[in-house]
Amino acid sequence: MNNKKIIIGVSGGVDSAVSMKLLKDQEYNVEAIFMKNWDEDDTIDVCTVKEDLVYVEDACNKLSIKLHTVNFSDEYWNNIFLDFLEKYKKGHTPNPDILCNKYIKFKVFIEYAEKLGANKVATGHYAKIVENNGTFFLERPKDKKKDQTYFLHTLDQNQLSKIIFPLSNFYKSEVKKIAKSCNFASYNRKESMGICFIGNKKFKKFISNYINNMPGDILDDNENILGTHKGIFYTTIGQREGIGIGGIKNKKNLPWYVYKKDLVNNKLYICQGNNNKLLLHNKLKINDMHVIQGDTNTILNKRLECQIRHLGEKHQCFINKTTDNSFFVESFLPFKSPASGQSLVIYENEKCLGGGIITNV
RNA sequence: UGGGCCGUCGCCAAGCGGUUAAGGCAUCGGGUUUUGAUCCCGACAUACGUAGGUUCGAAUCCUUCCGGCCCAG
């Protein structure tokens with residue numbers, strides 16, 4: 001039993017608590033790690049870390065699992081947050097949670113687990129890992145509505161070989177039932193959302209602490225000035241909320257969406273209607289392409305599927321290499337409001353093949 | 001200064017004598033979502049530029065004034 005030592009990363013939510021329980025049932029020697037990746041004194045207010053820890057301790061106690069607490073704030077700051085800020089300052093919209101999985105949850109965390117004598121780690125992600133003759137594949141989980149492969153597409157063979165996702169064949173509803181039967185305090189806890197270190201609903205306020213926002217013009221596609229924005233960094237492509245443009249004479253009664261940001265002139269361009277052509281793009285340029293298995297040639301010139309956001313619309317697509325070593329992804333169904341900095345993730349049936357960063361359109 | 005038009009929620013905008021004064025946008029609150037967004041649901045004018053009048057009854061008719069626009073000048 002002791003050679004089946006596994007370290008599980010826990011968050012305080014039901015998913016990781018139930019994952020512990022499932023691993024325990026499989027007679028693993030389970031120990032838990034609660035990662036702290038942010039020093040809460042830097043956040044705006046709400047410190048959820050303490051509260052999370054209460055739930056974690058509750059589950060660990062009920063399962064008699066040893067709990068370790070680690071602080072990866074420095075690693076997080078250096079590997080993720082600085083990059084995150086850098087991208088934002090360039091007008092991109094990065095996805096820190098993807099980087100967090102790549103550099104923290106499945107790198108620093110694995111290294112730490114190995115020091116504790118475990119050769120396997122687990123998390124409560126909804127995703128599946130399948131091994132075939134020594135090659136590991138990342139696949140969509142049973143519960144398609146909770147599919148988190150989008151956030152995990154940067155993992156490599158080495159990482160996948162060490163990970164177990166206990167929830168790969170469970171529906172969320174089943175997980176909740178198990179949590180209830182185990183009497184975990186977290187069983188009906190509200191899901192936490194938003195970037196891990198910010199929490200929900202505070203994004204603009206948060207980002208303004210790190211980036212200077214200057215007011216500027218809001219224009220339509222004919223260069224008519226429609227209003228003033230509070231700062232171009234507050235916004236992202238496809239955004240509706242917060243633009244503050246009301247009804248305008250001789251314009252349609254449709255909401256306005258950001259379709260372009262002009263960093264140089266600090267101008268924000270908006271258009272009306274969720275399906276406005278200005279928001280739609282059939283071809284995206286992708287950088288930093290990562291492929292989970294094999295090399296990037298394996299994804300070229302064949303019909304694949306991709307999505308540009310978590311749980312987003314699935315696009316049939318073809319991928320080509322560009323002359324400058326980037327990739328073009330073409331889709332018949334246009335991508336709606338693609339934002340540079342966001343990730344495009346590629347699939348073939350149930351398999352997640354990898355993905356890259358949208359650079360421009 | 002003559003002539004014409006117009007002033008209804010933060011913004012657009014219906015209503016033209018009896019309506020609980022449409023609707024959209026914005027905003028706010030909630031739901032969905034381990035990024036940013038999107039999306040969904042809910043809230044949101046006892047009040048119709050002002051002061052009088054007509055009428056059983058006015059945002060709707062008349063007059064005063066205030067404000068804005070257009071054409072003449």
Side-chain angles (χ1 to χ4, degrees), chain A residues 9-16 35 37-38 48 52 76 80-81 83-85 87-88 91-102 104-105 123-127 141 143-154 167 172 189-207 211 218 226-230 232-259 261 270-276 279-280 307-313 335-345 355 357-358:
Chain A
V10 291
S11 66
V14 261
D15 297 330
S16 52
M35 283 175 264
N37 298 328
W38 191 261
T48 55
D52 290 336
Y76 191 93
I80 291 147
F81 192 65
D83 180 72
F84 170 81
L85 276 187
K87 297 280 166 54
Y88 250 100
H92 300 132
T93 308
N95 185 331
D97 290 359
I98 286 175
L99 284 183
C100 179
N101 285 331
K102 182 176 180 178
I104 305 295
K105 288 186 185 149
T123 62
H125 283 98
Y126 287 85
D143 191 341
K144 309 301 178 206
K145 292 207 186 319
K146 297 303 294 182
D147 180 2
Q148 290 172 317
T149 52
Y150 180 84
F151 292 102
L152 300 167
H153 75 276
T154 63
L167 302 184
K172 179 83 181 193
R189 193 182 177 201
K190 190 176 164 10
E191 301 279 327
S192 66
M193 277 167 290
I195 300 175
C196 45
F197 53 85
I198 307 176
N200 209 199
K201 283 278 172 194
K202 299 269 194 265
F203 187 75
K204 280 180 192 171
K205 203 174 162 193
F206 176 83
I207 202 78
I211 301 180
I218 299 178
L226 303 176
T228 305
H229 68 251
K230 296 193 184 104
I232 205 164
F233 299 109
Y234 281 129
T235 57
T236 187
I237 303 300
Q239 182 170 324
R240 165 182 177 171
E241 190 195 308
I243 298 170
I245 302 293
I248 295 174
K249 207 171 184 126
N250 299 324
K251 295 279 189 184
K252 294 176 182 172
N253 285 339
L254 292 170
W256 295 86
Y257 299 86
V258 175
Y259 77 88
K261 298 201 278 184
I270 62 176
C271 63
Q272 267 185 305
N274 199 197
N275 280 310
N276 195 300
L279 297 170
L280 306 177
Q307 53 195 69
I308 60 167
R309 38 179 74 86
H310 170 52
L311 263 20
E313 213 166 22
F335 295 105
K336 193 184 269 186
S337 306
S340 65
Q342 289 281 291
S343 295
L344 176 139
V345 178
I357 309 282
I358 299 168

(request) Name the residue closer to the 5' end of RNA chain B, choosing between N274(A) and K251(A) according to the nucleotide with the nearest heavy atom. (result) K251(A)
(message) Suppose we screen for salt bridge (Lys or Arg N to Asp or Glu O under 4.0 Å). Which residues come up paired with D143(A), at least two apart in sequence or across chains?
(response) none
(message) Can you list everything that forms a side-chain contact (heavy atoms from CB on, under 4.5 Å) with T236(A)? Sequence neighbours excluded, please.
(response) T93(A), Q239(A), A339(A)
(message) Taking 4.0 Å as the cut-off, does a side-chain nitrogen or oxygen of K252(A) come that near to OP1 or OP2 on rG24(B)?
(response) no
(message) Please enumerate all residues that pass salt bridge (Lys or Arg N to Asp or Glu O under 4.0 Å) together with K87(A), with sequence neighbours excluded.
(response) D83(A)
(request) Hunt down the Watson-Crick or G-U wobble partner of rG67(B), both distances under 3.5 Å, from any strand shown, or write none. (result) rC6(B)
(message) Would you measure the distance from the P atom in rA51(B) across to the matching atom in rC65(B) and give it in whole Å?
(response) 15 Å
(message) Please report the distance, rounded to the nearest Å, between OH in Y259(A) and P in rU38(B).
(response) 18 Å
Collect all protein-nucleotide pairs involving nucleotides 4-8 of chain B in which both atoms are nitrogen or oxygen and the distance is under 3.5 Å.
none

(request) Decide yes or no, distance alone: a donor-acceptor N/O pair under 3.5 angstrom between the base of rU35(B) and the side-chain of Q342(A). (result) yes
(message) Would you say Y126(A) places a side-chain N or O within less than 4.0 Å of OP1 or OP2 belonging to rU33(B)?
(response) no
(request) Would you tell me if any nitrogen or oxygen in the side chain of R309(A) comes within less than 4.0 Å of OP1 or OP2 on rU38(B)? (result) no
(message) Under the rule for salt bridge (Lys or Arg N to Asp or Glu O under 4.0 Å), what residues qualify as partners of K252(A), not counting sequence neighbours?
(response) none
(request) Using only heavy-atom distances, determine whether the side chains of K336(A) and N275(A) contain a donor-acceptor pair under 3.5 Å. (result) yes
(request) List for me each residue that meets side-chain contact (heavy atoms from CB on, under 4.5 Å) alongside I357(A), sequence neighbours excluded, and say none if there are none. (result) D288(A), S343(A)
